[in-house]
Asks: 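Take a look at this one; I'll ask things after.
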Amino acid sequence: MTSGTTPGDAEVWSRGDREAFGVLFDRHVEAVWNHAHRLTGSWERAQDVTSATFLAAWLTRAGTAPVGDSALPLLYSMAGEEAGTARRRPPSTPVDDDDDVLVHRVDELADAVRRLPRGRREVAELCLLGGLPVADVAAHLGVAEAAVRADLALAVEDLPVVEVVTPRALPAELKARLRAEFDHGPEHRPRRSARLLVVAAAMVLLAGTVFVLRQPPEAVTRAPQQAAAVGPVLDEAVAAAALDRCWTAVGQRGTAGRYPDRSRWRPVFTVGDAQVGVVAARADGKPLFCQTTPTTATVSDPDAAPATGTSAVLVSREGVVAGVTDVDWRLVGLDGSGPNGVVAVRAETSDHLFVARTGVNPTGVAMTISETGSQDPTAVRVLTAPTTPAVVASDRPDGPAPDRTSEAGRALGDCLARSAVPLPDPDSYQTGAAVTYPGGAVVLGRSSSSLVTCESTGDTATAVRVLLVHSSAPAVVRDARFVGDGGIAIGGELAPEVATVEIGTDDEPLRPAAVAGGTFAAVLRAEVSASPTSSGAVHAVARDATGAVLFENFWQVP
């Protein structure tokens with residue numbers, strides 16, 4: 001928890017309302033805007049990426065959270081994903097000739113970073129382009145600092161970098177435009193004037209470039225303007241490894257006979273990251289989608305696609321919707337709504353295959369697929385669901401199979417399955433502590449790297465995942481939320497030696513908290529923070545199996 005009068009990013013993010021995310025926008029929009037320009041090499045695309053980044057943060061707020069107290073690593077990662085799409089769209093306004101050389105030099109650096117292997121590329125984007133500390137990047141990625149430093153050293157060898165230039169201040173007029181887009185959503189995005197774009201371009205080009213290439217300016221040639229959108233990226237190495245996993249998975253499940261031999265699988269493009277990655281491929285010409293997560297491989301049925309028309313072939317619990325279409329649309333979007341939220345995302349498409357990461361649990365969501373920006377009312381299709389299920393195999397389990405038969409285990413499995421925002425690898429979480437309150441319940445789960453808190457209230461469920469901090473303290477608070485009409489639920493991770501935890505407020509006695517699976521949870525009265533006579537502190541005591549006190553402290557609650 002963050003003490004003091006100014007709450008940290010993690011605390012603000014956890015509130016989950018528009019006002020809180022408006023605070024995060026005001027804090028970080030300038031940094032994200034500068035970073036977006038360094039990623040894309042384009043002042044216009046930087047605006048699109050910035051707008052899309054904060055919208056993505058808002059839409060996925062319940063399923064993501066900053067690691068540590070700064071939201072910048074998470075926002076920069078989201079900007080990197082958005083930049084991957086923005087780079088494939090041509091700018092609608094030409095660049096001034098006088099500034100074209102500098103624009104090209106920034107774009108050349110962005111291209112050099114994009115050509116790095118995936119892990120090294122993410123480190124380069126966050127540490128080199130973003131200027132984030134190694135420790136923050138390591139925590140965000142869930143890896144050791146030594147691994148980040150090693151990738152950073154290798155990336156520097158491949159990038160022509162010589163100096164850092166101070167980022168430029170965000171023009172007030174542009175900040176107001178971006179804030180309006182965030183407040184009203186994409187459907188109310190205002191049309192940008194050419195004058196505003198030119199002013200923003202000049203300000204970025206003067207000092208928005210963070211790295212300068214070793215190549216002298218006279219050696220830089222003019223970059224040709226793209227006349228059409230470039231197709232999605234195919235990372236050959238990533239695709240080969242993923243397809244090998246998926247081929248092994250269908251063999252393990254005894255379904256290999258339904259698939260053409262692995263040698264006849266041809267990757268078309270790749271989407272996603274190490275948490276949820278998708279390869280769009282063809283097997284003997286038939287559409288095939290291979291989704292991989294750290295613990296699971298999911299493979300669509302090659303016979304699921306219809307002979308003609310547009311249809312989903314893979315709809316995964318991780319929120320991926322992929323399929324085929326018989327129309328030649330340049331830019332494709334998915335739209336829909338259902339019990340778990342609204343879908344309004346761009347899809348990657350090539351060779352009549354499409355893939356979209358919706359950020360929403362697709363159960364019960366009715367979707368359409370359409371040509372983005374088209375004025376043709378017929379450029380839309382109803383997206384039908386696949387008729388045959390995909391093969392799902394836990395090929396790299398994160399420890400023993402989790403319990404889903406006990407009452408708490410069933411509660412966790414049901415809550416994760418119904419969560420409005422999907423999580424990667426929901427079956428990897430061992431059952432943790434669970435508490436109930438009038439009208440709902442909170443249950444925790446723990447994997448080797450993450451802690452998940454899932455709250456269910458009637459027909460709705462919301463899961464939030466954070467990386468384990470592996471603190472030296474016996475007990476660490478990782479989640480605090482208002483629940484029901486009269487309580488605050490708090491929970492977190494425990495060291496192995498902790499057997500019991502007692503929790504109380506400054507005006508009530510200690511009571512046992514629920515402890516299970518290296519986690520704890522408790523529900524307190526909401527008056528702990530609302531009462532003017534309360535200090536807002538929670539008194540906690542952790543003991544080992546002999547009753548000896550391992551930890552005694554006071555935590556601040558929101």
Side-chain angles (χ1 to χ4, degrees), residues 1 13-17 60-65 317 338-341 360-361 363-364 401-447 450-466 468 475-494 498 500-505 508 510-530 538 540 555 557-558:
M1 293 296 173
W13 188 294
S14 68
R15 294 175 186 172
D17 54 38
T60 62
R61 65 194 183 281
T64 57
R317 58 186 181 176
N340 296 316
V360 173
N361 183 336
T363 303
D403 163 44
R404 294 292 185 264
T405 58
S406 66
E407 183 177 354
R410 289 194 301 271
L412 178 61
D414 174 71
C415 191
L416 293 179
R418 295 190 298 111
S419 175
V421 177
L423 294 178
D425 298 325
D427 293 339
S428 66
Y429 290 95
Q430 303 291 334
T431 305
V435 290
T436 60
Y437 60 89
V442 175
V443 59
L444 277 64
R446 183 170 178 169
S447 68
S450 304
L451 186 78
V452 64
T453 305
C454 199
E455 181 182 5
S456 59
T457 56
D459 294 333
T460 65
T462 304
V464 175
R465 178 176 67 103
V466 295
L468 296 175
V476 180
V477 172
R478 300 297 286 140
D479 190 274
R481 64 182 65 204
F482 288 99
V483 293
D485 296 325
I488 297 175
I490 64 172
E493 58 184 284
L494 297 175
V498 176
T500 64
V501 175
E502 296 173 288
I503 295 179
T505 65
E508 66 179 16
L510 294 172
R511 292 180 295 180
V515 173
T519 70
F520 71 93
V523 175
L524 307 173
R525 294 184 297 107
E527 289 80 1
V528 67
S529 62
V538 173
W555 292 314
V557 299

Asks: Looking only at atom types and distance, does a side-chain atom of Arg446 sit under 3.5 Å from a main-chain N or O of Gly518, one as donor and one as acceptor?
Replies: yes
Asks: Within this structure, what is the CZ-CG distance for the pair Arg465 and Leu416, rounded to the nearest 0.5 Å?
Replies: 11.5 Å
Asks: On a heavy-atom basis, which atom in Asp427 and which in Pro402 lie closest, and how many Å separate them?
Replies: O-CG, 2.9 Å
Asks: Which atoms form the tightest heavy-atom contact between Tyr429 and Val452, and what is the distance?
Replies: CD2-CG1, 3.5 Å
Asks: Measure from the side-chain N and O atoms of Arg317 to the backbone N and O of Pro422, and report whether any donor-acceptor pair falls under 3.5 Å.
Replies: no
Asks: Tell me whether Thr519 contacts the main-chain N or O of Ala433 through its side chain, where contact means a donor paired with an acceptor under 3.5 Å.
Replies: yes
Asks: Under 3.5 Å, is there a donor-acceptor pair between the side chain of Thr431 and the main chain of Asp403?
Replies: yes
Asks: Side chains of Arg418 and Cys454, heavy atoms from C-beta outward: is any pair under 4.5 Å?
Replies: no
Asks: I'd like to know if the side chain of Ser419 and the backbone of Ala463 have a donor-acceptor N/O pair within less than 3.5 Å.
Replies: yes
Asks: Give the intermediate values and the outcome of side chain to side chain contact (heavy atoms under 4.5 Å, CB included) for residues Tyr437 and Thr457.
Replies: CA-CA 10 Å; Tyr437 60 89; Thr457 56; 3.0 Å; yes
Asks: Take Phe520 and Glu502 through the test side chain to side chain contact (heavy atoms under 4.5 Å, CB included) and record every step on the way to the result.
Replies: CA-CA 10 Å; Phe520 71 93; Glu502 296 173 288; over 6 Å; no
Asks: Keeping the roles fixed (side chain from Arg410, backbone from Thr405), state whether a donor-acceptor pair exists under 3.5 Å.
Replies: yes
Asks: I need the minimum non-hydrogen distance between Val443 and Cys415, along with the two atoms involved.
Replies: CG1-CB, 4.4 Å
Asks: When you measure from the side chain of Ser450 to the backbone of Ser447, do you find a donor-acceptor pair of N or O atoms at a distance under 3.5 Å?
Replies: no
Asks: Under 3.5 Å, side chain of Asn340 to main-chain N/O of Asn361, donor-acceptor pair present?
Replies: yes
Asks: Rounded to the nearest 0.5 Å, what separates atom CG in Leu451 from atom CG in Leu494?
Replies: 9.5 Å
Asks: Please determine which of Leu524, Val523, Val435 meets the side-chain contact (heavy atoms from CB on, under 4.5 Å) test together with Val483.
Replies: Val523
Asks: At their closest point, which heavy atom of Gly364 faces which heavy atom of Pro339, and how far apart are they?
Replies: O-CD, 3.4 Å
Asks: Begin with the C-alpha distance, continue with both residues' side-chain angles, and end with the deciding distance and a verdict on side chain to side chain contact (heavy atoms under 4.5 Å, CB included) for Val515 and Thr500.
Replies: CA-CA 7 Å; Val515 173; Thr500 64; 5.6 Å; no
